[in-house]
2 protein chains.
Amino acid sequence: MAKTSQAAGLHRASLAKLHDLDAALELMYYGWRGMTLEADDYLAKQGLSRPHHRILYVVARRPDIAIGALIEILGISKQALNRPLNLLLERKLLTSKRSPEQHRSKLLRLTDAGKRIEQRASDHERKVLRAAFDRAGAPGAAAWMAVMGAIADNN
Amino acid sequence: MAKTSQAAGLHRASLAKLHDLDAALELMYYGWRGMTLEADDYLAKQGLSRPHHRILYVVARRPDIAIGALIEILGISKQALNRPLNLLLERKLLTSKRSPEQHRSKLLRLTDAGKRIEQRASDHERKVLRAAFDRAGAPGAAAWMAVMGAIADNN
DNA sequence: CCCGTCATGTCAACTACGTTGACTTGAGAC
DNA sequence: GTCTCAAGTCAACGTAGTTGACATGACGGG
């Protein structure tokens, strides 16, 4: 796994603004990085990375999810899922059991160790968001959510 | 170059919220994707991808930037910069000239074709932001900027 | 004039993350 | 018994990044 850290900093570059929305555009870039920086650092120390976290995050919120459903949510191929998923199983951060009746699908679930790592990694991200929301106040946070929703739902 | 497109859609998955900030966390993820989806699609059609766009974006805002400075802003190694940069030069989207006095550095500049592609790709991203800001109104947009700034500057 | 340094360029080897295509295995349904 | 479905696996590939080592050309000083 790569050294995703980069020493945690990498000051925002100051570039001339050619358009009125350039500042916003760059904020999206640096915002993503600001949110994920510490989490990626923590994950790297565990020998994990973002794809592993994505799996842990989804399984945490959908216990007993089948592999096919996980593939669909993550939007990657089963071959791409294979490697990180197996690592998580080997490390016993996830368990897979065959469903009692639907014996052809496997149901994924976090172990306690898996839950701990998922929570700590996500906590790093939530901590950053919480600090920003606290500074902005509830109305600011609500506005942020509304704008992000509109951006996310662009199709 | 990969098919970054994925048919432009990939509905947001509905996951149970374990924490109050999970919704915000997911919005950051899907927001980034929502903003970049069409731009990546456009770039893929030009046989380019995100790293190329990052180069074009920076050079557009820092004409006559030297390679070393570009490397620093992008935060990647010169070896990593090499491939995409050379492609852009070959395609004549960028020009490089040696500086008159400081003859050891090379100065990068966009050609007209480079400017056009940079602008169109960035326009796709700005279009998404503009739509979201229009829906939220000026105060909402300002709040979004403030929150994103706080998130980005987390260290 | 030579030497060191600086900016750039390039080669090789590696890791990670993703793709497509082809094939296997095991379970269920008819 | 055959067909289908979920999952697993293998091979080959593309792209994006890394580190390490080394070459080249320009400049500055002794």
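In what follows, chains carry the letters A, B, and so on, assigned in the order in which the sequence lines appear, proteins first and then strands, with residues in each chain numbered from 1.
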The salt bridge (Lys or Arg N to Asp or Glu O under 4.0 Å) partners of A:R50 (sequence neighbours excluded) come to A:D40, A:E125
Expected list for residues 54-67 of chain B near DNA chain C, using heavy atoms below 4.0 Å, is B:A66, B:I67
In short, ring pair (Phe, Tyr, Trp, His ring centres under 6.0 Å) pairs touching residues 114-136 of chain B with sequence neighbours left out are B:Y42-B:H124, B:F133-B:W144
In whole angstroms, the gap separating C1' of D:dA12 from CZ of A:R83 amounts to 13 Å
Taken in chain and number order and not counting sequence neighbours, the residues that satisfy salt bridge (Lys or Arg N to Asp or Glu O under 4.0 Å) with B:R109 are B:D64
Give a yes/no answer on whether the side chain of B:S105 brings an N or O atom under 4.0 Å of OP1 or OP2 in C:dA7.
no
Residues passing the salt bridge (Lys or Arg N to Asp or Glu O under 4.0 Å) test with A:K92, sequence neighbours excluded, are none
Residues 75-84 of chain A side chain polar contacts: donor-acceptor under 3.5 Å, at least two apart:
from	atom 1	to	atom 2	distance (Å)
A:S77	OG	A:A80	N	3.2
A:N82	OD1	A:N86	ND2	2.8

(Q) What I want to check is whether the side chains of A:Y29 and B:R54 have a donor and an acceptor closer together than 3.5 Å. (A) yes
Just distance, no hydrogens or angles: give the donor-acceptor pairs under 3.5 Å from side chains in residues 113-120 of chain B, sequence neighbours left out.
from	atom 1	to	atom 2	distance (Å)
B:E118	OE2	B:R61	NH1	3.1
B:E118	OE2	B:S122	OG	2.7

Does B:L74 reach the side chain of B:V58, with side-chain heavy atoms less than 4.5 Å apart? yes
When rounded to whole Å, the CG to C1' distance for the pair A:L70 and D:dG8 reads 15 Å
Those residues at least two apart in sequence (or on a different chain) that pass salt bridge (Lys or Arg N to Asp or Glu O under 4.0 Å) with A:R126 are A:D123, B:D22
Whole-Å distance, A:L87 CG to C:dC17 C1', equals 14 Å
Taken to the nearest whole Å, NZ/A:K106 to P/C:dG26 is 12 Å
To the nearest angstrom, the CD-P distance between B:E90 and C:dT10 comes to 10 Å
When rounded to whole Å, the NE2 to P distance for the pair B:H52 and D:dG17 reads 9 Å
Every protein N/O within reach of nucleotides 21-25 of chain D N/O, cut-off under 3.5 Å:
none

When rounded to whole Å, the CG to P distance for the pair A:L81 and C:dG18 reads 9 Å
Rounded to whole Å, CG of B:L108 lies from C1' of C:dT8 at a distance of 11 Å
Closest of D:dT9, C:dG18, D:dA16 to the B:S49 side chain is D:dA16
Of D:dT9, C:dC17, C:dT19, the nucleotide closest to the side chain of A:A80 is C:dT19
